[in-house]
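Treat the numbers as computed from the prediction; the structure is a model and nothing was measured. Note on naming: letters A, B, ... go to the chains in the order of the sequence lines (proteins, then strands), and numbering restarts at 1 for each one.
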Amino acid sequence: MQYNVKIDAFEGPLDLLLHLINRLEIDIYDIPVAQITEQYLIYIKTMTELKLDVASEFLVMAATLLAIKSKMLLPKQEEVLFEDEYEIEEDPRDELVEKLIEYRKYKEAANDLKQLQEERGLMFTKPPSDLTEFAKDKKPEKDERNVSLYDMLAAFQKLMRRKKLQRPVATKIARQEISIEARMTEILDELKTFSGRKSFYDLFPNPEKIHLVVSFLAILELIKRNDILVEQEENFGEIFVEAVLKGAEVVGNY
Amino acid sequence: MGITNWSSILESILFAAGDEGLTLKQMAEVLEVDERITLDIVEQLIQEYEQDEKRGINIVQLAGTYQLATKKENAPYLTKLVESPSTTTISQAALETLAIIAYRQPIPRAEIEDIRGVKTERPLQTLMSKALIKEVGRAEGPGRAYLYGTTKEFLDYFGLRSLDELPPLPEKVNEEFVQEEADLFFEKFQETINS
Amino acid sequence: MGITNWSSILESILFAAGDEGLTLKQMAEVLEVDERITLDIVEQLIQEYEQDEKRGINIVQLAGTYQLATKKENAPYLTKLVESPSTTTISQAALETLAIIAYRQPIPRAEIEDIRGVKTERPLQTLMSKALIKEVGRAEGPGRAYLYGTTKEFLDYFGLRSLDELPPLPEKVNEEFVQEEADLFFEKFQETINS
């Protein structure tokens, strides 16, 4: 999971091939197939070793490269045989080269878009003013069915893009429906009744963000107070939580 | 950098600040001069806006902040604009509001205004009169504000069978929606580990 | 009423319209002159904004509308004051997909995937939810696949007046640029094969 980000470094087999071609300083119109195939395969192998989820497209490309490689190895005599005929021998790499060049065009275009996006980001606009006071009669806007979901999304997108004035975070007070203290008691009670280890994740029964936050803070506080014990048997393994038994109870239980 | 550029910068930042306006302190911080000098520059700019008949905006002082506003004498044209037949049938303001309600229902007006950063009375009226939204209840707590939600007409209007068919929001946007809560979280988190 | 006031009125209504922008038609309706004359007035105003160094705003044309925006050179001051834009978050995959759609629209998904050499479902969904692309129709023939095209929001997002303003599709590619990417991966890659 944690390596998933890295695979984004390449958008696909074509992207990877372009990168290899660039690194090896190879002429795209005359690709040494054996060399590039070898590099490509090492690459795939490494991806597997890094426990990356290798998309099937990468494997298909590997097969294609091998196929091209073997075609290129076919004895040259064949070419001679066909020489008399006006049909020109097709280079097995042609199709791939064409694809690479086509893809590279759009990759560069994407780069242009990125620059346009940055340029545009230098301009700041303002939201439309509230013109309520200027509307004489409050007749509703005319209803014509020419608004689509896209229009709504676009308006929303624009809103989210609008740059907000920086305000000190402290002025934003979110409501807190449940106090950390209350949640601490709840968690502790729950663990005591259960009298054993409980999965960390079970302590977050309510998916609501504020509840998650409060629960998490409550757990931290409980750890700090030595009221609960947290265990993890291996890296990235499951986390278990257990109530620390204090006083008379200890005697009874052990 | 001369006083010339100060005018330009001031105009830029006042423009971008919109209805929220800026305090003298905020402006002074951006210009990196002290407040007294900032005041001089602002006052000069106010003069210039006032005197230049080609300008359609000026600077007004409201509740301790300075903000740009349209000149009063142009009010009739703003009325014309509002009533202009080619002004979009559902304005962007209404669409934004509708989107917020669709994705965050039930939601009180204050929260919509917080997200949009502007008053939302008229867009709400428009949407209500088109029956795309309705009051769906009242919030807990003091004030018991009305909560808004979308209607069956909303679904019809956009050709949706149910709200589940609304296109998902981009992840980034969703993140921003919860940003405030996250900020709160980190604040609390800091408090907890520091205490 | 002289041309002087027209500038003032235009500035007022453009200011009020904000990032919703105004079409030539809307402005003409408010000014009550025909569109050709309106265009002259607007263009003159654009000139004036551009040339006057004291002005911090100018008029930009985005997706068929005119709107006021701050001058680009003042961006450093604005970023001191307002939150940095959340726009720089389109992934490489989505940008590539978007580029293909922009230049080849209307285009079915299969064709995009053919060019990119990978599945493109997720980038498409992201772009749709950002309202940068939309379904613009259906292909002929069996399957009747959806065809994708760019939206008005696409133009606005990239600061374009119209699709004609898209930079020409590069025929000759600068060999350098592909290089810079993914170096991070290669580091990791080297580490792994050396270890």
Side-chain angles (χ1 to χ4, degrees), chain B residues 2-18 22 26-27 29-32 45 48 52-57 68-71 73-88 91-93 95-96 118 166-176 179, chain C residues 2-23 25-32 45 48 52-58 68-83 86-91 94 125-132:
Chain B
I3 208 156
T4 311
N5 283 357
W6 278 342
S7 299
S8 166
I9 297 163
L10 265 190
E11 187 172 81
S12 279
I13 60 177
L14 282 168
F15 176 80
L22 294 174
Q26 283 174 303
M27 291 187 280
E29 274 166 14
V30 175
L31 296 181
E32 290 180 350
L45 196 58
E48 280 171 29
D52 189 344
E53 288 187 353
K54 283 181 155 188
R55 307 301 316 258
I57 49 178
L68 292 182
T70 52
K71 282 189 176 167
E73 61 259 39
N74 286 341
Y77 296 96
L78 292 173
T79 306
K80 262 190 182 171
L81 178 67
V82 177
E83 275 155 19
S84 148
S86 47
T87 296
T88 34
S91 69
Q92 189 192 318
L95 279 174
E96 276 174 22
V118 279
L166 272 177
L169 286 183
E171 279 158 44
K172 182 67 195 167
V173 169
N174 246 326
E175 263 169 46
E176 263 168 51
Q179 189 58 47
Chain C
I3 209 159
T4 310
N5 284 354
W6 276 342
S7 298
S8 166
I9 297 163
L10 268 189
E11 189 172 78
S12 280
I13 61 174
L14 282 168
F15 178 84
D19 60 14
E20 197 162 341
L22 293 175
T23 60
K25 190 168 171 228
Q26 281 174 300
M27 294 188 282
E29 271 169 12
V30 174
L31 296 180
E32 290 181 348
L45 197 57
E48 281 171 27
D52 190 343
E53 287 187 353
K54 284 181 154 188
R55 306 300 316 257
I57 50 177
N58 55 13
L68 293 180
T70 59
K71 284 187 177 171
K72 283 181 189 165
E73 61 259 37
N74 286 343
Y77 295 94
L78 286 153
T79 45
K80 280 193 197 173
L81 193 71
V82 295
E83 282 170 21
S86 58
T87 51
T88 50
T89 52
I90 303 186
S91 70
Q125 213 179 36
T126 308
L127 293 170
M128 295 262 270
S129 66
K130 280 180 178 279
L132 295 172

Next on the checklist: Please enumerate all residues that pass salt bridge (charged side-chain N to carboxylate O under 4.0 Å, His left out) together with C:Glu73, with sequence neighbours excluded.
Outcome noted: none
Next on the checklist: Evaluate B:Lys80 against C:Glu29 for salt bridge (Lys or Arg N to Asp or Glu O under 4.0 Å), listing each step before the verdict.
Outcome noted: CA-CA 8 Å; B:Lys80 262 190 182 171; C:Glu29 271 169 12; over 6 Å; no
Checklist outcome for this item: Cut-off 4.5 Å, heavy atoms of chain C, and the answer for B:Leu68 is both
Checklist entry - Tell me, side chain or backbone of C:Ala69 under 4.5 Å from chain B's heavy atoms, or both, or neither? => result backbone
Item to check | Side-chain donor/acceptor of B:Thr70 to backbone N/O of C:Ser12, under 3.5 Å | outcome: no
Checklist entry - Of the listed residues (C:Asp19, C:Leu45, C:Leu31, C:Leu22), which shares the most heavy-atom pairs with chain B below a 4.5 Å separation? => result C:Asp19
Checklist entry - Does some side-chain heavy atom of C:Ile57 sit less than 4.5 Å from a side-chain heavy atom of C:Leu14? => result no
